[in-house]
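Below is one structure, written out as structure tokens; comments come after it.
This is a predicted model, so every value here is computed, not measured. Throughout, protein chains are lettered first and strands after them, A, B, ... in sequence-line order, and every chain is numbered starting at 1.
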Amino acid sequence: MSLLDLRHMSARYGASQALFDVSLSLEPGQVLALMGRNGMGKTTTIKTICGMVRATGGQISFDGLDIARLPSFKIARLGIGLVPEGRRCFANLSVLENLTAAARPGEWDFARVTRLFPQLAERQNQMAAILSGGEQQMLAIGRALMTNPRLLILDEATEGLAPLVRQEIWAAIRKLKRDTGMAILLVDKSLSELAQVADRAVILQRGESVWDGAFTDLSDAVAGRYIGV
Amino acid sequence: MNRENLINTILLLALATVPLWAMANDAPYTITLATKVAIFALAGVGLNIALGLGGLVSLGHAAFFGIGGYAMGILASHAQNFEPIMQWPLLIEGSKSMPVIWITGVIASGLAALIIGALSLRTSGVYFIMITLAFGQMLFFFAISWPAYGGEDGLSIYIRNGFPGLNTLLPIHFFGICYTLLALALLFSAKLAKSPFGLALNAARQTPARVEAVGLSPYRLRLTAFVISGMITGLAGALFADLNRFVSPSMFSWQTSGEIMVFLILGGVGRLYGPVAGAAAFIMLEHFLGGLSDYWHIYLGVLLLLVVLFARGGIIGFLAGRQVAHD
């Protein structure tokens, strides 16, 4: 049984339909890259999985449970950790407080998060609002890990970061894949980095999933046609 | 120790020192004033959990203050008249014991806060303010039209309620009780603010959607905070009624809600000791300016304007010189 299963999912923002027919599935321990050009529905797909946008059709199940009608906090409690686009830490709390506020029982605690991102330990008493972009991203990932998820969703986790910091984030994602049994759903534009970590890929085009397969099967022609590389 | 902690310590010590000085100089009224500060500060500590931590602008906290007061009034009046409160299906008698009255007042205020919060927290902004105000006013008019407990005239209690091992008729003993409860409430409030619950509540105040994304319900966080807040304010109400040995519907009035909020804004919303500084400033203004003019509220209004315009962190923020998220 898949950990996450989307079947013919559709969603809309008011009168405007954003997703028409998105299907994908993700097995435990697998890394799935959700790809597509800007505005094709990647972030909306993630928001719909997390209950922030209501699905208007189709099915969303997590670990066999229908989650399409659940409020977002209940979906998160089932074990879906989200690192949202633009980081969005709790700006008025310190690093330690950000992590403490999100903590749920499990293997991930402050010590383990700071082993993954040692910078967070050094900055633990600093307010999130005054961290660098890279540190905020590490904090956003750390905060999601503190919820002890079975599925971690990262939406554009390396966007707008300096090359060295991006490398650190990618190294952390690879380490998560190697050392934990956590499933990961990734949205990112860097094909070369995704190639090192993703097992499978799903490509979205105008709110529909148009390609689904092993990442190694993703040909240059397909990438050129749907992603523009 | 940072500057704010130093100011907090000085404030707490000063509040303890004034009644001791008054006792040495045979000035019992000053002890009563200090007791009033401690009680109002306690009510402010309650509101600070809802407003300062949770961002809930409640104009109905007088409801909990009044419920605490009436819990004292009802229990004590039945005890002094040797009449049970009810005989069937259970025999419930009145009480002159402060701990029994506090527990009753805290539970009753907590239940009221649960009902009021469960309904009002489904709204936000101005609607939340209006609903909490409406609940407060409903209880105000209910108390006015409740002849069994004095109606509009209120209810007098002849002898202050008792506390084991203390003579509560002595102002300094009663001050000691109120001061201890205030110190405990401040300690609890400090621990709460740094607990995972308090941190999540603080985060939910600014970004509720992000809190949901980590598996927490902002509604439940706020409702819990509102109930805790109501319980502490209810305890303050029970003490205030015992201080005056009198309860009246005015404890439920919107002016009382406004006054508690004024203490908080004066002292510093979201600052742990803001309610203490605010209540002390309010009582001092009332005492000193009230002696000069019946219209002392005008000066209070000017001070409030100055604080809001130039000292967003209130008295504590102004003295500590360090901004927090609320300022």
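- Atom CZ of Arg54(A) has more than 12 neighbouring heavy atoms from other residues, nucleotides or ligands inside a 6.0 Å radius.
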From CA spacing to verdict: side-chain contact (heavy atoms from CB on, under 4.5 Å), Thr207(B), Arg88(A) = CA-CA 9 Å; Thr207(B) 50; Arg88(A) 297 179 189 169; over 6 Å; no

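- Contact annotation for Ser72(A): both backbone and side-chain heavy atoms come within less than 4.5 Å of a heavy atom of chain B.
- Among Ala209(B), Ser195(B), Ser217(B), the residue making the largest number of heavy-atom pairs under 4.5 Å with chain A is Ser217(B).
- Side-chain contact check for Lys194(B) versus Glu97(A): some heavy-atom pair is nearer than 4.5 Å.
- Counting heavy atoms from C-beta on, the side chains of Met146(A) and Val214(B) never come closer than 4.5 Å.
- Residues Ala213(B) and Ala76(A) come closest through the heavy atom pair O-CB, 3.5 Å.
- The two residues Ala203(B) and Leu93(A) come nearest to each other via the heavy atoms CB-CD1, 4.1 Å.
- Heavy-atom contacts from other residues, nucleotides or ligands closer than 6.0 Å to CZ of Phe110(A) number more than 12.
- Here CZ of Arg104(A) is found 7.0 Å from CG of Leu216(B). Values are rounded to the nearest 0.5 Å.
- The 12-atom threshold is not exceeded at OH of Tyr127(B), counting heavy atoms of other residues, nucleotides or ligands nearer than 6.0 Å.
- With a 4.5 Å cut-off on side-chain heavy atoms, Arg205(B) and Asn92(A) count as touching.
- Within a 6.0 Å radius of CZ in Arg174(A), more than 12 heavy atoms belonging to other residues, nucleotides or ligands are found.
- Neither the backbone nor the side chain of Met127(A) has a heavy atom closer than 4.5 Å to any heavy atom of chain B.
- The neighbour count for Gln59(A) CD, taken as heavy atoms of other residues, nucleotides or ligands under 6.0 Å away, does not exceed 12.
- Of all non-hydrogen atoms in Ala200(B) and Ala101(A), the two that sit nearest each other are N-CB, 3.9 Å.
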Any chance you could lay out the side-chain contact (heavy atoms from CB on, under 4.5 Å) test for Ile75(A) and Glu212(B), step after step, and finish with the verdict?
-> CA-CA 9 Å; Ile75(A) 293 172; Glu212(B) 283 207 66; over 6 Å; no

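- Contact annotation: the side chain of Gln206(B) never approaches that of Phe90(A) to less than 4.5 Å [non-hydrogen atoms, C-beta and beyond].
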